[in-house]
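Note that these values count all heavy atoms, side chains included, but never hydrogens, waters or copies made by symmetry. Counting convention: from 1, in listed order, for ligands and their atoms alike.
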Amino acid sequence: MSKLSKIYTSLIIIGAGPAGYTAAIYAARANLKTILITGSEPGGQLLNTNAIENWPGEYHNISGINLMNNMLKHVQKFPIHIINDTIINVNFIKRPFIMYGEKKNYSSDAVIIATGASPRYLNIPSETLYKSRGGISTCAICDGFFYKNKSVAIIGGGNSALEEALFLSNITKTIYIIHRKKKFTADKILISRIMEKVKLKKIILYMSYIVNEILGDHLGVTGIRINSLKNNILLNVFGIFIAIGHIPNSNIFLNQLETKNNFIQINKNNTEHHFQTQTSIPGIFAAGDVTDHIYRQAITASSSGCMAAIDAEKYISSLIR
Ligand code: FAD
Ligand code: NAP
């Protein structure tokens with residue numbers, strides 16, 4: 001494909017979230033010659049949260065940025081080669097495996113895919129328009145400040161939506177949470193905190209409502225039209241935070257590996273090793289949110305990164321024997 005020269009190593013880890021960083025720590029301690037390729041978001045999804053309450057040991061609530069900086073420093077303690085590049089294509093048919101990056105090309109005996117997930121959008125035409133004009137965000141921590149004392153809407157009913165709402169409630173004027181179901185799917189502790197803010201009229205809930213259209217002018221968003229079975233409502237808002245989940249970053253692997261609803265399938269190994277993180281191709285392992293449609297937590301991503309590194313080490317050793 002590309003004429004760029006290739007960098008060869010034993011193990012390549014694609015992704016710098018909890019799964020990729022944890023895999024790197026374990027790979028380094030197994031003495032594997034390893035390159036970690038960060039992609040465009042070194043640190044991953046956790047950079048979007050200001051208080052993590054469920055990372056064991058960090059009982060005083062660490063921010064996502066600090067936790068991921070600590071993980072990076074932990075990786076940097078070891079001789080892991082960290083490269084800021086994004087993989088745009090792969091060839092897992094050939095051995096060693098080949099990965100084509102935006103800046104360089106790479107080859108390795110084993111690969112750990114830890115590319116995580118990216119925010120899902122509503123995919124309505126007005127959303128596309130105002131994504132470029134302004135007023136639409138998927139990250140309250142990054143963009144909340146722009147809406148100081150203004151009204152905003154949050155779409156979604158999971159943990160992300162409710163966390164975004166709680167964060168914004170200290171910055172913005174009124175927050176409308178628009179959720180398409182009657183009940184939230186978020187953790188109960190977050191729901192209780194939201195209900196406290198509802199009592200104070202800081203947050204207003206629109207349950208069983210869907211977004212019809214986003215309205216605005218040449219400067220950006222000015223409103224949102226929502227409807228339920230009975231009502232059609234126009235809310236004046238200047239920011240819309242879309243928190244409706246994430247889709248796995250698996251596009252570049254779809255024609256090479258077995259996937260289900262775009263999640264990379266693992267536990268595909270029946271040999272004596274029983275590699276739980278192996279994909280449909282021996283030597284290609286995957287970990288974290290790119291494989292996981294159920295748990296999607298930092299700690300489960302880290303745990304599977306650890307497992308993938310242990311599996312990769314055994315696989316690479318078996319090549320040498
Ligand atoms: P990610 O964190 O998504 O990292 C993926 C990495 O892959 C990134 O570095 C990216 O740059 C890289 N990448 C992607 N594509 C490529 C490519 N083509 N080439 C090279 N690199 C690539 N979980 C908790 O346990 N507690 C929480 O409090 C919590 N809060 C959250 C708050 C928010 C707002 C969000 C969105 C999620 C939260 N989560 C939380 C979930 C948690 O962030 C994820 O489960 C976890 O980050 C998944 O880790 P990962 O390593 O699989 O992927
Ligand atoms: P999620 O749990 O998948 O929730 C997505 C929400 O968006 C659901 O309420 C869903 O409604 C709604 N939705 C999906 N598609 C929609 C659409 N097209 N239009 C309108 N609404 C739509 O996603 P998440 O909240 O981003 O959380 C992702 C993962 O990260 C979860 O595992 C979560 O536990 C984790 N996380 C954890 C924390 C924490 O531990 N504090 C914080 C944030 C995230 P339906 O129910 O109708 O599908």
Side-chain angles (χ1 to χ4, degrees), residues 12-23 36-56 58 61-64 67-68 71-72 83-90 99-102 106 112-124 127 138-142 154-164 166-167 177-187 189-190 207-211 226 241-253 286-305 308:
I12 286 190
I13 298 169
I14 313 175
Y21 281 158
T22 308
L36 182 144
I37 299 169
T38 66
S40 58
E41 200 178 19
Q45 291 169 64
L46 276 188
L47 299 185
N48 298 330
T49 188
N50 68 330
I52 299 168
E53 282 189 331
N54 49 16
W55 186 264
E58 295 288 356
N61 287 7
I62 188 165
S63 73
L67 180 64
M68 296 319 293
M71 281 197 207
L72 172 62
I83 300 182
N84 287 104
D85 198 356
T86 296
I87 301 301
I88 48 176
N89 204 351
V90 295
M99 283 137 279
Y100 303 95
E102 282 174 355
Y106 309 87
I112 295 175
I113 299 169
T115 47
S118 295
R120 178 182 284 130
Y121 284 94
L122 295 166
N123 286 329
I124 55 174
E127 177 191 56
T138 56
C139 175
I141 289 172
C142 323
I154 294 171
I155 324 296
N159 277 332
S160 293
L162 300 206
E163 273 198 349
E164 302 260 273
L166 290 169
F167 176 78
I177 301 182
I178 298 153
H179 180 36
R180 66 184 180 183
K181 295 245 174 82
K182 273 193 211 147
K183 284 189 177 167
F184 291 125
T185 50
D187 294 348
I189 190 166
L190 292 177
M207 307 300 276
S208 304
Y209 274 84
I210 58 160
V211 179
I226 57 172
F241 289 83
I242 317 264
I244 59 170
H246 287 73
I247 41 176
N249 293 324
S250 59
N251 270 352
I252 54 173
F253 310 111
D289 279 15
V290 73
T291 67
D292 174 14
H293 71 287
I294 300 174
Y295 302 105
R296 295 176 299 163
Q297 302 296 305
I299 193 146
T300 50
S302 273
S303 319
S304 64

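- Looking at ligand 1, you'll find an N or O of Ala16 within less than 3.5 Å of one of its N or O atoms.
- Taking CZ from Arg180 and CG from Leu122, the interatomic distance works out to 9.5 Å, rounded to the nearest 0.5 Å.
- Taking every heavy atom of His179 and a limit of under 4.0 angstrom, the matching atoms of ligand 2 come to 9 (O), 11 (O).
- Near Thr86, with a cut-off below 4.0 Å to any heavy atom, the atoms of ligand 1 are 17 (C), 18 (N), 19 (N).
- When each atom of ligand 1 is checked for a heavy atom of Ser40 under 4.0 Å away, the hits are 11 (O).
- Annotation: Ala51 places no N or O atom under 3.5 Å from an N or O atom of ligand 1; distance criterion only.
- Closest protein heavy atom to atom 2 (O) of ligand 2: Arg296 NH2, 3.7 Å.
- In terms of protein heavy-atom proximity, atom 29 (C) of ligand 1 is nearest to Leu46 CD2, 3.7 Å.
- Scanning all protein heavy atoms for the shortest distance to atom 19 (N) of ligand 1 gives Ile87 N, 3.0 Å.
- In summary, the atoms of ligand 1 found under 4.0 Å from a heavy atom of Ile14, numbered by their order in the structure, are 19 (N), 20 (C), 21 (N).
- Checking only distances, Asn159 does come within under 3.5 Å of ligand 2, N or O to N or O.
- In the vicinity of His246, heavy-atom distances shorter than 4.0 Å reach the ligand 1 atoms 36 (C).
- The shortest side-chain heavy-atom distance between Met68 and Pro18 falls under the 4.5 Å cut-off.
- Remark: ligand 1 atoms within the under-4.0 Å shell around heavy atoms of Ala114 are 5 (C), 6 (C), 7 (O).
- Heavy-atom proximity to Gly39, at under 4.0 Å, picks out these atoms of ligand 1: 11 (O), 20 (C), 21 (N), 22 (C).
- The contact set between ligand 1 and Ala19, taken as ligand atoms under 4.0 Å from a residue heavy atom, comprises 51 (O), 52 (O).
- With sequence neighbours left out, Gln45 forms a side chain to side chain contact (heavy atoms under 4.5 Å, CB included) with Ala117, His246, Asp289.
- Comparing heavy-atom distances from atom 27 (O) of ligand 2 across Ser160, Ala243, Ala117, Ala298 singles out Ser160 as nearest.
- Backbone and side-chain nitrogen or oxygen atoms of Gly157 are examined, and one is located within less than 3.5 angstrom of a nitrogen or oxygen of ligand 2.
- To the nearest 0.5 Å, atoms CD1 (Ile88) and OH (Tyr100) are separated by 10.5 Å.
- Around atom 17 (C) of ligand 2, the closest heavy atom drawn from Arg180, Glu164, Glu163 belongs to Arg180.
- No N or O atom of Asp187 sits closer than 3.5 Å to an N or O atom of ligand 2.
- The protein non-hydrogen atom at the shortest distance from atom 28 (O) of ligand 1 is Asn54 OD1, 3.7 Å.
- For ligand 1, the atoms lying closer than 4.0 Å to a non-hydrogen atom of Gly288 are 52 (O).
- From Ser63, atom OG reaches atom CG of Leu47 across 9.0 Å, with rounding to the nearest 0.5 Å.
- In this structure, atom 14 (C) of ligand 2 lies nearest to the protein heavy atom Ile244 O, 3.3 Å.
- Taking OH of Tyr21 as the reference point, atom CG of Leu36 lies at 7.0 Å (rounded to 0.5 Å).
- The salt bridge (charged side-chain N to carboxylate O under 4.0 Å, His left out) pairs that include a residue from residues 37-50 number zero, where partners must be two or more places apart or lie in different chains.
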